[in-house]
There are 2 protein chains.
Amino acid sequence: MTPSVPNRETTDYLESRIRAVGLRPTRQRLALAGLLFQAGHRHVTAEKLHGEAMKRGIRVSLATIYNTLHQFTAAGLLREVVVDTDRSYFDTNMERHHHFFHEDTGLLEDIPSSELELKNLPPLPEGSEISSIDVVIRLSGTRKLPL
Amino acid sequence: MTPSVPNRETTDYLESRIRAVGLRPTRQRLALAGLLFQAGHRHVTAEKLHGEAMKRGIRVSLATIYNTLHQFTAAGLLREVVVDTDRSYFDTNMERHHHFFHEDTGLLEDIPSSELELKNLPPLPEGSEISSIDVVIRLSGTRKLPL
DNA sequence: TCAATATATTAGAATAATTCTAAAAAGGCT
DNA sequence: AGCCTTTTTAGAATTATTCTAATATATTGA
């Protein structure tokens with residue numbers, strides 16, 4: 001049946017996810033959701049996502065990339081990870097987890113939550129509550145083989 | 001003797017710290033070191049430090065603030081803490097420790113290292129080594145009294 | 001102490017990521 | 001279809017930071 005319609009199911013899935021958070025499934029948002037959510041967990045910057053979209057012939061302005069990343073974040077589809085003062089990173093993995101950050105390449109990588117635990121959390125300052133706990137293990141490259 | 005020379009000892013201390021890392025103890029660097037290192041541990045942004053300097057009548061350009069913060073960081077007198085994409089924070093506490101970040105006020109606060117521990121660090125990706133481990137507990141304000 | 005040399009400071013221009021603006025386009029409802 | 005709302009967008013604006021190249025200050029050695 002309708003053998004020439006590609007990825008119907010997938011598109012429906014993206015559309016419903018977008019609708020579910022109260023946003024209109026526009027061409028741009030569907031395309032970006034495709035890039036973000038169809039290939040496992042990802043870490044993107046605005047510029048990189050824009051580049052990818054261009055490469056695939058999706059016409060989206062950079063302003064829309066920023067709008068969409070922020071709307072998705074506000075909607076709980078993405079989370080922002082602060083690791084670099086120059087660039088914002090967005091993570092599609094919403095489970096509780098932490099990150100490796102390769103300082104030389106700018107690559108950001110998930111650490112599965114199970115592997116790392118925090119012990120002995122200190123008492124919080126009066127009148128505040130935890131919004132999130134972010135652990136970043138910064139890595140520097142090392143030559144592969146000893147000199 | 002020389003009763004009217006104020007803080008001789010302190011100034012000497014700052015001067016020797018600056019010299020010790022191979023920098024010339026200029027008027028600006030001495031003044032900034034004074035603000036940074038004479039009142040316990042601090043967290044500053046370039047803009048805030050510049051504001052403080054102005055308030056005390058120290059004439060320093062913002063460019064010099066940036067130069068100095070980076071030189072002090074490279075020299076191991078300061079450490080940069082990445083908690084905000086919009087602003088760089090510098091911490092005068094060089095011991096191993098982590099941070100509370102008050103998202104509403106932008107206040108950054110040390111967590112003494114002893115209180116918080118990390119268990120079960122994951123294996124590192126091949127060919128990398130740890131440059132630092134940064135833990136940030138982000139806090140949101142709460143009304144002081146329950147409604 | 002003073003000149004010669006190296007290093008610092010600075011104003012202002014330049015840069016780069018991000019946000020804003022307001023006008024045109026697309027989505028959704030009846 | 002037609003109307004109203006939400007989106008997209010180009011380009012201007014903003015903001016933190018860096019760069020530039022000209023001037024000033026620190027250091028060294030005679």
Atom-to-atom span, [atom1] of [X] to [atom2] of [N] - whole angstrom:
{"X": "A:R24", "N": "D:dC4", "atom1": "CZ", "atom2": "P", "answer": "14 Å"}
{"X": "B:R87", "N": "D:dT14", "atom1": "CZ", "atom2": "P", "answer": "17 Å"}
{"X": "A:H50", "N": "D:dT8", "atom1": "NE2", "atom2": "C1'", "answer": "12 Å"}
{"X": "B:F90", "N": "D:dT17", "atom1": "CZ", "atom2": "P", "answer": "7 Å"}
{"X": "A:L30", "N": "D:dT8", "atom1": "CG", "atom2": "C1'", "answer": "14 Å"}
{"X": "A:L62", "N": "D:dT7", "atom1": "CG", "atom2": "C1'", "answer": "16 Å"}
{"X": "A:Y89", "N": "C:dA17", "atom1": "OH", "atom2": "C1'", "answer": "13 Å"}
{"X": "A:R59", "N": "C:dA25", "atom1": "CZ", "atom2": "P", "answer": "12 Å"}

Does a donor on one side chain and an acceptor on the other come within less than 3.5 Å for A:H43 and A:H41?
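Looking only at side-chain atoms, A:H41 and A:H43 do not form any donor-acceptor pair under 3.5 Å.
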Heavy-atom nearest nucleotide on DNA chain D taken for B:E47 and for B:P25; more 5' hit belongs to B:E47
Bend angle of the helix from C:dT1-D:dA30 to C:dT30-D:dA1, end axes from five pairs each (to 10°):
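Result, rounded to 10 degrees: 30°.
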Check each residue of residues 63-86 of chain A for a non-hydrogen atom within less than 4.0 Å of any atom in DNA chain C, then write out the ones that pass by number, or none.
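Residues of residues 63-86 of chain A under 4.0 Å from DNA chain C: A:A63, A:Y66, A:H70, A:D86.
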Close aromatic pair by centroid cut-off 6.0 Å: A:H50 and A:Y66:
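Between A:H50 and A:Y66, the centre distance exceeds or equals 6.0 Å.
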